[in-house]
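A short write-up of the structure that comes next.
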There are 2 protein chains.
Amino acid sequence: MIEARHLRVLRAVATTGSFSAAARELGCTQPAVSQQMKALESAAGTPLLVRAGREMRPTQAGEVLVRHAAGILAGLAAAEEEVAALAGLRAGRVRLVSFPSGSSTLVPTAVAAMRADHPGTRVSLVEAEPPRSVDMLRAGDCEIALAFRYDATPWGYHPAGGWGRDDLVARPLLTDRLVGLVPQEHPFADADEVGIGTLAEEPWIAGCPRCRGHLVEVCEAAGFTPRIDFATDDYPAVVGLVGAGLGVAVLPELAVESVRPKGTRAVRVSPAVQREVVALTLPDLARVPAVAAMLDRLEAAAHR
Amino acid sequence: MIEARHLRVLRAVATTGSFSAAARELGCTQPAVSQQMKALESAAGTPLLVRAGREMRPTQAGEVLVRHAAGILAGLAAAEEEVAALAGLRAGRVRLVSFPSGSSTLVPTAVAAMRADHPGTRVSLVEAEPPRSVDMLRAGDCEIALAFRYDATPWGYHPAGGWGRDDLVARPLLTDRLVGLVPQEHPFADADEVGIGTLAEEPWIAGCPRCRGHLVEVCEAAGFTPRIDFATDDYPAVVGLVGAGLGVAVLPELAVESVRPKGTRAVRVSPAVQREVVALTLPDLARVPAVAAMLDRLEAAAHR
DNA sequence: TCCTCTCCCCAAGGTTTCCTTATGGACGGC
DNA sequence: GCCGTCCATAAGGAAACCTTGGGGAGAGGA
């Protein structure tokens with residue numbers, strides 16, 4: 001079986017015309033070249049070089065191999081260069097999946113930093129929520145999945161069908177406090193903090209299905225069931241509804257930051273509600289340079 | 001440094017999707033595949049495979065290598081096949097140099113046998129005499145040089161400038177008796193054998209320069225200097241001149257065989273004169289299958 | 001013609017690489 | 001819950017590889 005090493009040596013011998021010169025070029029000793037060529041000739045089943053006096057000339061078979069070696073070694077060098085570009089962050093694609101509108105500040109900051117530091121890399125973004133995003137991760141449709149959770153349920157949790165394996169790598173980004181949002185003319189608009197129970201009679205505007213689920217849990221823990229008039233995962237819509245005086249809401253601080261809260265006021269609620277935002281990936285992918293770099297940028301963006 | 005072996009393993013893993021299956025395909029054990037891939041990932045500087053549960057999927061870098069591997073391994077296989085064709089005598093070119101008109105029977109027989117036995121091979125023929133043919137051999141302009149000599153001078157002998165190295169391989173083909181050629185009406189035309197001395201007063205027709213030189217030596221050893229009226233290395237011309245009664249000649253039996261000796265008679269001369277016909281090549285070339293096969297055919301043609 | 005330099009081959013030794021066997025942990029299917 | 005498959009790891013032996021040291025032969029110069 002002919003190996004690339006053989007061809008490298010053969011090419012060096014053919015171009016220099018001498019074993020010693022080839023050894024110098026390859027950075028090894030002359031007997032090493034001698035042995036490599038002997039091994040290659042043995043593999044080829046025919047002499048490859050004619051030792052006519054001092055001159056080393058390839059035979060017909062040698063010429064065949066030298067001719068092919070050019071293309072083969074060029075292909076190998078191209079492959080190595082391309083891989084080196086990926087390893088050296090001069091290239092690389094990171095497919096990011098994020099929960100909808102949950103990362104309006106995080107992702108742009110991280111992507112901008114990534115582009116600035118490693119212009120050759122590309123980051124693509126698709127929106128999906130767990131467990132869909134985790135499925136995409138496992139199916140190879142993305143490298144990083146941004147996710148959040150309110151409790152310690154596994155990331156692969158499927159509402160209707162058990163858990164996935166929990167072999168994911170979770171890089172904690174931030175714990176996002178949830179704040180109450182009330183119309184600015186609401187009695188509690190200027191309060192420092194309101195107990196969730198005091199909002200028992202208010203009409204509620206809920207966010208995404210999972211947020212809504214958690215809201216119900218928290219309220220029921222406080223002794224009431226919230227009356228949810230509207231549910232939408234579009235945070236500007238939530239803010240608009242609250243601003244119009246149609247109800248109150250609890251939503252992530254991050255979301256409030258990124259939406260102009262006209263006509264509303266944010267108040268702290270007790271008990272403190274927070275969600276954990278993490279970047280998920282697979283153990284092997286975490287060691288891919290572009291993925292690792294993107295994870296670092298996400299973490300930096302979260303800690304800013 | 002990426003080796004072809006790595007790419008073979010990677011391709012097998014990528015196509016089968018499993019280390020174990022790749023090992024079966026490659027005819028080795030699963031840990032061997034495991035180690036090869038670890039070595040390749042180390043050389044690449046980035047993970048190449050994502051171990052997502054049971055499934056083995058290439059990363060972006062892995063896909064790059066798999067993509068390049070196709071071309072590289074195809075090139076390698078093509079090179080191996082081409083070399084195998086040369087080694088297996090399904091291809092190959094032998095450049096033969098022969099002394100002029102000296103092998104009119106030998107070479108055609110051998111070439112015909114070569115073509116019959118190995119149709120893929122090609123034999124080319126150029127005429128030249130030593131030392132020119134030996135120079136061509138050393139310069140790589142041919143693989144086999146047919147030569148003859150009357151004594152033990154080295155094959156690389158240069159009339160005006162010493163000897164070449166004598167590192168040639170000489171395959172003896174035949175020892176060619178030289179016969180006298182006289183007009184058929186000559187007094188000795190029916191003699192069994194004539195002493196060379198009895199032809200001292202005849203006009204001579206000589207062959208090529210070296211043959212002529214040797215003729216003079218032999219005659220002087222017999223006590224006379226031949227009067228050479230014509231000298232040509234064209235054997236039919238020699239026969240024509242003798243047939244026209246313009247003189248006598250001594251020429252190789254092989255040459256007489258291949259020329260219709262009209263108007264002449266061949267007689268044995270004493271002392272017996274013979275020349276040694278050999279096929280010369282370089283030690284390494286002697287191991288090239290096509291060259292070795294051609295040498296065998298030449299020897300067989302000589303022994304027929 | 002002799003000397004010297006270079007080149008290649010050969011042999012021996014040590015290091016590294018490679019492959020195999022054996023074992024354990026994890027996942028998926030029945 | 002059991003079993004089969006798959007991969008990782010460790011340890012051992014085998015093979016490949018490279019280096020050092022020495023020898024023979026040719027080429028060029030004094």
* To do: For the side chain of B:Arg51, starting at C-beta, report the closest nucleotide among C:dT21, D:dC7, D:dT19.
  => D:dC7
* Structure fact -> So CD of B:Glu81 and CG of B:Leu86: to nearest 0.5 Å the spacing works out to 9.5 Å
* Which whole-number value in Å describes the distance from A:Glu41 CD to C:dC9 C1'? -> 13 Å
* Base, sugar-phosphate, or nothing: which does A:Ser20 touch, judged by heavy atoms less than 4.0 Å apart? -> sugar-phosphate
* Asked: In this structure, are over 12 heavy atoms from other groups packed under 6.0 Å from B:Arg212 atom CZ?
  -> no
* Rounded interatomic separation in angstrom, taking CD from A:Glu55 and P from D:dG26 -> 16 Å
* Check whether any side-chain N or O of B:Gln35 sits under 4.0 Å from OP1 or OP2 of D:dA10, and answer yes or no. => no
* Rounded distance (Å) that lies between atom P of D:dC6 and atom CG of B:Leu49 -> 16 Å
* **Nucleotide nearest B:Ser18 (side chain, heavy atoms from C-beta), chosen from D:dT19, D:dC6, C:dC18** => D:dC6
* Residue that, paired with A:Met294, satisfies side-chain contact (heavy atoms from CB on, under 4.5 Å) out of A:Leu96, A:Thr121, A:Val288 -> A:Leu96
* Is the phosphate of C:dC18, meaning OP1 or OP2, less than 4.0 Å from a side-chain N or O of B:Arg5? -> yes
* Asked: Of all the nucleotides listed (C:dC8, C:dC10, C:dC18), which has the minimum atom distance to the side chain of A:Pro31?
  -> C:dC10
* **Nucleotide nearest A:Ala32 (side chain, heavy atoms from C-beta), chosen from C:dC10, D:dA10, D:dC18** => D:dC18
* Structure fact -> B:Arg24 atom CZ is separated from D:dC7 atom C1', nearest whole Å, by 13 Å
* **B:Gln36 side chain near C:dC19 phosphate (N/O to OP1/OP2, under 4.0 Å)** => yes
* Asked: Would a distance-only check, ignoring hydrogens and angles, find a side-chain to backbone donor-acceptor pair under 3.5 Å from B:Glu41 to B:Leu48?
  -> yes
* Measure from CD on A:Glu3 to C1' on C:dC18 and round the result to the nearest Å. => 12 Å
* Once the angle between the rings of B:His214 and B:Tyr150 is folded into 0 to 90°, is it parallel (under 30°), tilted (30 to 60°) or perpendicular (over 60°)? -> parallel
* Just how far, in rounded Å, is P of C:dC18 from CZ of B:Arg8? -> 14 Å
* When you check the phosphate oxygens OP1 and OP2 of C:dC10, does a side-chain N or O of A:Lys38 lie under 4.0 Å from one of them? -> yes
* Taking atom C1' of C:dC19 as reference, at what distance in whole Å does atom NE2 of B:His6 sit? -> 13 Å
* **side-chain N/O A:Ser34 vs C:dC10 OP1/OP2, d < 4.0 Å** => no
* Asked: Whole-Å distance between D:dC6 P and B:Phe19 CZ?
  -> 13 Å
